Amino acid sequence: MVFGFSGIIILVIIYFSIKISNLENRVEGLHYKLDTIKAQTNFPGYPVDEELLELLGQGEEIKAVKKARQAFGLSLVEGKRYVDNLKTDNS
């Protein structure tokens with residue numbers, strides 16, 4: 001056996017790491033395209049944004065982040081970033 005069991009495990013991990021990285025890059029590209037389309041069409045925003053702004057107005061930032069995560073399938077960091085950007089854009 002050339003690689004052994006641990007070598008095979010390492011190759012599998014490397015393979016999946018590359019696949020995940022490629023998917024993350026594709027998703028980031030799609031976000032960029034959607035933001036560009038949104039800016040060019042004067043799209044008012046996502047329907048959930050109104051609910052998020054209402055939660056922010058009530059001082060419920062944690063609930064707003066949770067709602068954004070549920071609505072868009074975001075990680076905690078991405079949800080926080082989305083809510084922060086929404087808050088900044090509407091100040």
Side-chain angles (χ1 to χ4, degrees):
M1 229 180 197
V2 176
F3 289 111
F5 185 71
S6 61
I8 292 172
I9 296 295
I10 291 172
L11 288 175
V12 168
I13 290 171
I14 290 171
Y15 172 78
F16 282 115
S17 294
I18 291 170
K19 287 293 191 179
I20 289 170
S21 178
N22 288 340
L23 285 172
E24 287 174 341
N25 289 338
R26 289 177 63 192
V27 168
E28 190 172 317
L30 289 172
H31 281 281
Y32 174 77
K33 288 177 184 177
L34 285 173
D35 289 340
T36 303
I37 291 169
K38 180 180 167 186
Q40 291 175 353
T41 59
N42 294 321
F43 184 72
Y46 302 106
V48 74
D49 286 354
E50 290 178 25
E51 189 175 343
L52 296 176
L53 288 170
E54 185 176 318
L55 287 169
L56 288 171
Q58 297 169 358
E60 299 285 351
E61 186 169 343
I62 293 172
K63 287 184 181 179
V65 171
K66 183 177 179 182
K67 182 71 176 178
R69 291 184 67 206
Q70 290 172 340
F72 300 113
L74 303 173
S75 71
L76 180 60
V77 172
E78 292 168 329
K80 174 77 167 112
R81 189 178 305 141
Y82 184 85
V83 169
D84 286 345
N85 287 339
L86 187 64
K87 194 173 12 175
T88 302
D89 292 345
N90 290 283
S91 294

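Everything quoted here is computed from the prediction, not taken from an experiment. Heads up: numbering here begins at 1 and tracks the sequence.
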For V65 and L76, which heavy atoms make the closest approach, and how far apart are they? CG1-CD1, 4.1 Å
Quick check for you: to the nearest 0.5 Å, what is the distance between R81 atom CZ and T88 atom OG1? 12.5 Å
Separation of L52 CG from L86 CG (nearest 0.5 Å): 6.0 Å
What is the distance from atom CZ of R69 to atom NZ of K66, rounded to the nearest 0.5 Å? 9.5 Å
List the steps and the verdict of side-chain contact (heavy atoms from CB on, under 4.5 Å) for Q58 and K63. CA-CA 10 Å; Q58 297 169 358; K63 287 184 181 179; over 6 Å; no
For residues 9-30, which side-chain donor-acceptor pairs fall under 3.5 Å, sequence neighbours excluded?
unit_1: S17; atom_1: OG; unit_2: I13; atom_2: O; d: 2.9
unit_1: N22; atom_1: ND2; unit_2: I18; atom_2: O; d: 3.4
unit_1: N25; atom_1: ND2; unit_2: S21; atom_2: O; d: 3.4

Can you tell me if CD on Q70 sees more than 12 non-hydrogen neighbours from other groups inside 6.0 Å? yes
Contact between L74 and K80 at the side-chain level, heavy atoms closer than 4.5 Å - yes or no? no
In one Ile/Leu/Val/Met/Phe/Trp/Tyr side-chain cluster, 4.5 Å: L55, V48: no
Roughly how far, to the nearest 0.5 Å, is CD of E78 from NE2 of H31? 6.5 Å
Considering all heavy atoms, the nearest G79-A68 contact: O-CB, 4.5 Å
Audit row: E61, L56, side-chain contact (heavy atoms from CB on, under 4.5 Å) steps and yes/no: CA-CA 5 Å; E61 186 169 343; L56 288 171; 4.0 Å; yes
Spell out, yes or no, whether I62 and F72 are grouped together once hydrophobic residues are joined by side-chain heavy atoms under 4.5 Å, including indirect joins. no
